[in-house]
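Bear in mind the structure is a predicted one, so any value in this text is a computation, not a measurement. Keep in mind that the numbers below use all heavy atoms, side chains included, and drop hydrogens, waters and symmetry copies. A note on names: the letters A, B, ... follow the listed sequences, proteins ahead of strands, and every chain is numbered from 1.
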Amino acid sequence: MNDSFYPLEEVLVDQSGWLRLLSQAAPEAQEWADDYRRRGGEDFTQRINQAIRFIHQGRTSEARTVLEQSSRNTVDTLRDAPTSIRNALESWRASASAYYHFSQLEFNRAETELVLSTEAVKMAIEERRFLLILGMRFINAELQRVRVARDRYRWDEMEKHAKIAWDLFENRRPLCVLDDESEIFYSDLQTLVASLVTESVHDGTAEEKLGKRLQRRLQALIAENYALPWMVIPHG
Amino acid sequence: MGLSALDSKQTAYLRYHRDWLLRFPLLKSNTADEHGRELLRRFERFCTERVEQLKLLERSSHQAWRENAPTVDTFGTHCSFFRDAIFTLLSSLRSSGKSKLARVDPFAPDRRFPLLFKAMHGLANQLGLSGFEEAFSLHLLLRASEPESSGDLSFSLLPFSWEFE
């Protein structure tokens, strides 16, 4: 990997590193990031990531316990936190919870959580526009819907969500529409992230290379879902 | 191998089985359709270098597939047993009406194919074939049963037409 691209890819594909970037942004965003840390936002997301690891390992009861604790945490401990912080955390929780329900074949509940996750991001952006740094979550939700449709054997639906994910990435449809009817596109997220990365690549060739890399990575994220896990016995 | 129960769809099945083996690692490793076609070209080069062996395979496979039922044991007892089982399985599916099996694979042009795939692929795995070797054996059988297929290098990674670029 070309290291100069990494901070961009972290946020634009992996959905990590966003808080560190906010700390380099305008004072308003820096204050928000500090408040997020003070209120335990990083610990919260670490617990969410731990729940995801438990799901990967098949330790589902432990995953459920962590997710339930996190849910209570957003209701109780973070009661006084600004709603934008609560919404940012809720989006992580709901997304992980969707994955948990997916792993339990509880597909309707998974879909409900995915809606909650993207709604939470949208509300966070309504309040603090710089939180569109979490915008990859909209594409991630579509990718999760692709997977849910696959495991329900709903092929038309799977194709529909795959194409929506690609349209979002290609800026053919907005990630979300805010209450004031302004549309937020993936290109807005790219612009924001590029402006925050101090070592950002500014010449056209490097940007084009980055664009191709992001394109390939999203293609891979979409296409790998069609490697139906119940068909071919993996070798090696 | 009991594929006579598929009637005219034998070659469609062979292509389906081969393409799944090529598609799976390509999807896992984010490789484009073109790499699948390149693998098919490599298979074709092997075939053109082995014309005599291919003719031999063509004769034996035609003889086996002309039979409507696996009554002739040309491969030995165990193979006959497996062939009978496959034939029975496919025959029962043909007469079972609508089934959920139709839904398990969006790439399958016939609802019997995924189940047959699982049985045949499981056997190949037990025999120790790699996915590539298995795909090549399917390609050889396809060429033997349909010699005119040599120019057909069509291959797609996704079950619908979708240009990413």
Are the side chain of B:H121 and the backbone N or O of A:V232 linked by a donor-acceptor pair below 3.5 Å? no
Just jot down the side-chain contact (heavy atoms from CB on, under 4.5 Å) partners of A:E142, sequence neighbours excluded, or say none. A:R145, A:H161, A:I164, A:A165, A:L168
Can you list the steps and then say if B:W20 with A:L228 is a side chain to side chain contact (heavy atoms under 4.5 Å, CB included)? CA-CA 10 Å; B:W20 247 119; A:L228 306 179; 3.8 Å; yes
Rounded to the nearest 0.5 Å, what's the gap from CD on A:Q219 to CG on B:L158? Could you check? 9.5 Å
Count the heavy atoms of every other residue, nucleotide or ligand shown that sit under 6.0 Å from CZ of B:R50, and state whether that count exceeds 12. yes
Between A:Y226 and B:F107, which heavy-atom pair has the shortest distance, and what is it? O-CE1, 3.9 Å
Are A:D156 and B:P106 packed together at the side-chain level, in the sense that at least one heavy-atom pair is separated by less than 4.5 angstrom? no
When you measure from the side chain of A:W230 to the backbone N and O of B:V104, does any donor-acceptor pair fall under 3.5 Å? yes
Point-to-point distance, once rounded to the nearest 0.5 Å, from CD1 of A:I233 to CD of B:E134: 8.0 Å
Identify which part of B:F117 has an atom lying under 4.5 Å from any heavy atom of chain A, answering side chain, backbone, both or neither. side chain
Does anything in residues 46-56 of chain A form a side chain to side chain donor-acceptor pair (under 3.5 Å)? List the pairs, not counting sequence neighbours. A:R47-A:N73, A:H56-A:Y99
Relative to chain B, which segment of A:R216 carries a heavy atom at a distance below 4.5 Å: side chain, backbone, both, or neither? both
Measure from the side-chain N and O atoms of B:K118 to the backbone N and O of A:M231, and report whether any donor-acceptor pair falls under 3.5 Å. yes
